[in-house]
Number of protein chains: 2
Amino acid sequence: MLRLTKRTEYGLIALVHMAELAAARPPGAEAEVISARAIGDIFPVPKRMLAEALKHLQQGGILESTRGVRGGYRLSRPADQVSLGEIVSALEGPPALTSCAGMGAATSEGSCEVEPVCPIRSPLARLRTGIWTLFEGVTLQALADRSADPTGLFSATG
Amino acid sequence: MLRLTKRTEYGLIALVHMAELAAARPPGAEAEVISARAIGDIFPVPKRMLAEALKHLQQGGILESTRGVRGGYRLSRPADQVSLGEIVSALEGPPALTSCAGMGAATSEGSCEVEPVCPIRSPLARLRTGIWTLFEGVTLQALADRSADPTGLFSATG
DNA sequence: TCGAAACAGCACTATTCTAGTGCCGATTAA
DNA sequence: TTAATCGGCACTAGAATAGTGCTGTTTCGA
Ligand code: SF4
Ligand code: SF4
């Protein structure tokens, strides 16, 4: 039902937490690293899953990691330069709305029998683009601003 | 990965097909019923699953059914008065982006440990609303118009 | 009257995905 | 040296998805 995975939620929680820490820092100050353990101590989430999410975020280029004792993670970019699209993409792979909807790799060899005559493939691909545009437009900064409207859809019109 | 289920896709295929049939009919003509078997003969989808999807659409009030031989389904409303939101909702239940995101029933008894301190609950709930607004804005008619942009996001601005 | 075509409901299996855990190696500051 | 930390692989248990089977009910038409 269009649901994000738990891993994604855990990753988002960690990122929002980091963004809030960054917002509380004096401007220009370098971001301190924070360990997976430390984040897990703050939020009641399975520490191991959280570590898994952070790993994926590192691989996606959203976090930078430092190994060894006193190691940890930090945002590789300011929070207002990280889009939710990037985050979700790093945590659960390339976006798809249908089984055939390769964002980059369209027509992924005969997976779906219907494809040659499918009347919904093209419209749904466009819809997916629309959804993704939404995700790309939401920054981590906007997510961390609790009271703000992350989508900008309503605050812009109302 | 934010994917629709196969059942939903099959249901959408059937609906779009019916909408196309309706578009080919002279205005004012009553919609003919079409059986699940007939639709299954046109598209290479598992007939039984298709029937399952049609059943759900009937329960959701989107299709009207006629039983007995020569029976079948037809749209209960014109295609431009059926939103994709309704369709998806009928086929895969109420929308949710997170595990806690009851559209109607918020705070569904202690399912998530994080909830009291969750920093992403509120922003994601708003994002889900944004996505759902998108779905509500797309009509079956728009989906059946192959060349058109179903979301209206791009044709409106460009 | 009878039978076939169609919807309606229930239940079932197999496969895939998700959630979560375990383990061990590599790195690094103390 | 040691302990804390990231990094990679693999594994289990549970849930969701995909798909099928069967039986009942309605209705048209022969
Ligand atoms: S071709 Fe059509 S039925 Fe097949 S996966 Fe794509 S959208 Fe779904
Ligand atoms: S409370 Fe937060 S972590 Fe829990 S399900 Fe809702 S969004 Fe996810």
Side-chain angles (χ1 to χ4, degrees), chain A residues 1-11 13-14 32-41 43-74 76 88 90-93 96-100 111-114, chain B residues 1-11 13-14 32-41 43-74 76 88 90-93 96-100 111-114:
Chain A
M1 308 158 180
L2 291 176
R3 195 174 301 173
L4 299 174
T5 66
K6 278 292 186 188
R7 196 177 62 188
T8 301
E9 294 191 16
Y10 297 155
I13 289 175
E32 293 291 330
V33 300
I34 181 169
S35 70
R37 166 184 297 268
I39 300 178
D41 283 338
F43 301 98
V45 302
K47 292 192 174 54
R48 192 57 201 304
M49 282 290 283
L50 177 63
E52 208 71 22
L54 294 174
K55 232 188 303 186
H56 281 247
L57 288 169
Q58 188 272 330
Q59 288 163 347
I62 293 166
L63 292 179
E64 285 174 355
S65 66
T66 311
R67 312 234 292 203
V69 63
R70 297 286 176 89
Y73 295 94
R74 66 172 179 184
S76 62
V88 173
L91 284 167
E92 25 190 295
L97 188 59
T98 59
S99 312
C100 65
S111 47
C112 180
E113 288 286 327
V114 198
Chain B
M1 307 158 181
L2 290 177
R3 194 174 303 173
L4 300 174
T5 67
K6 278 292 185 186
R7 196 177 62 187
T8 301
E9 294 190 16
Y10 297 154
I13 289 175
E32 294 289 332
V33 301
I34 181 170
S35 69
R37 167 185 296 268
I39 301 178
D41 283 338
F43 301 99
V45 303
K47 291 192 174 55
R48 193 57 201 302
M49 282 290 283
L50 177 62
E52 208 70 24
L54 294 174
K55 232 185 307 187
H56 281 247
L57 288 170
Q58 188 272 329
Q59 287 165 349
I62 293 166
L63 291 180
E64 285 175 357
S65 66
T66 310
R67 310 235 291 204
V69 62
R70 297 286 176 89
Y73 296 95
R74 66 173 177 183
S76 62
V88 172
L91 285 167
E92 27 189 294
L97 188 60
T98 59
S99 312
C100 64
S111 47
C112 180
E113 287 287 327
V114 198

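All heavy atoms count here, side chains included; hydrogens, waters and symmetry mates do not. Throughout, protein chains are lettered first and strands after them, A, B, ... in sequence-line order, and every chain is numbered starting at 1.
Put simply, the side chain of B:Glu92 reaches to within 4.5 Å of the side chain of B:Leu4, judged on heavy atoms. Counting heavy atoms from C-beta outward, A:Leu97 and A:Leu2 have side chains that approach closer than 4.5 Å. For the pair A:Thr5 and A:Leu91, the minimum side-chain heavy-atom distance is 4.5 Å or more.
At whole-Å resolution of the value, NZ in B:Lys47 and P in C:dA6 are 12 Å apart. Atom CG of A:Leu4 is separated from atom C1' of C:dA19 by 15 Å (rounded to the nearest Å). If you take CG of B:Asp41 and C1' of C:dA6, they are 13 Å apart, rounded to a whole angstrom. Distance, A:Lys6 NZ to C:dT21 P: 13 Å, rounded to whole Å. We find that CG of B:Leu91 is positioned 12 Å from P of D:dT17, with the value rounded to whole Å.
Here the CD1 atom belonging to A:Ile13 is positioned 10.5 Å from the CD1 atom belonging to A:Ile39, to the nearest 0.5 angstrom. Distance check: B:Arg7 CZ to B:Met49 CE gives 7.0 Å after rounding to the nearest 0.5 Å. Separating the NZ atom in A:Lys55 from the OH atom in A:Tyr73 is a distance of 7.5 Å, to the nearest 0.5 Å. Atom CZ in A:Arg37 sits 12.0 Å away from atom CG in A:Leu50 (nearest 0.5 Å).
Considering only side-chain atoms of A:Ser65, the nucleotide from C:dA19, D:dG7, C:dC7 that sits closest is D:dG7. The side chain of A:Pro46 lies closest to C:dG20, out of D:dG19, C:dA19, C:dG20.
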Quick one: do B:Ser65 and B:Gln59 satisfy side-chain contact (heavy atoms from CB on, under 4.5 Å)? Show the steps, please.
-> CA-CA 10 Å; B:Ser65 66; B:Gln59 287 165 349; over 6 Å; no
Determine, step by step, whether B:Asp41 and B:Lys47 satisfy the side-chain contact (heavy atoms from CB on, under 4.5 Å) criterion, reporting the C-alpha distance in whole Å, the side-chain angles of both residues, the deciding distance to 0.1 Å, and the verdict.
-> CA-CA 8 Å; B:Asp41 283 338; B:Lys47 291 192 174 55; 3.2 Å; yes
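Contact check, B:Tyr10 against D:dG19: a side-chain N or O comes under 4.0 Å of OP1 or OP2.
Applying the 6.0 Å contact sphere to CD of B:Glu32 captures no more than 12 heavy atoms from other residues, nucleotides or ligands.
Listed by residue number, the members of residues 52-63 of chain A with any heavy atom below 4.0 angstrom from DNA chain D are A:Lys55, A:Gln58, A:Gln59.
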Please tabulate the protein-to-nucleotide N/O contacts below 3.5 Å involving nucleotides 3-5 of chain D, giving atom names and distances.
residue	atom	partner	partner atom	Å
D:dA4	N3	A:Val69	N	3.3
D:dT5	OP2	A:Arg37	NE	3.1

Grab the N/O contacts between the protein and nucleotides 12-14 of chain C below 3.5 Å, and write none if there aren't any.
none

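Although no hydrogens or angles enter the test, the distance criterion places no donor-acceptor pair under 3.5 Å between the side chain of A:Ser76 and the main chain of A:Glu64.
Judged by closest nucleotide on DNA chain D, A:Ala51 is the one of A:Ala51 and B:Arg7 placed further toward the 5' end.
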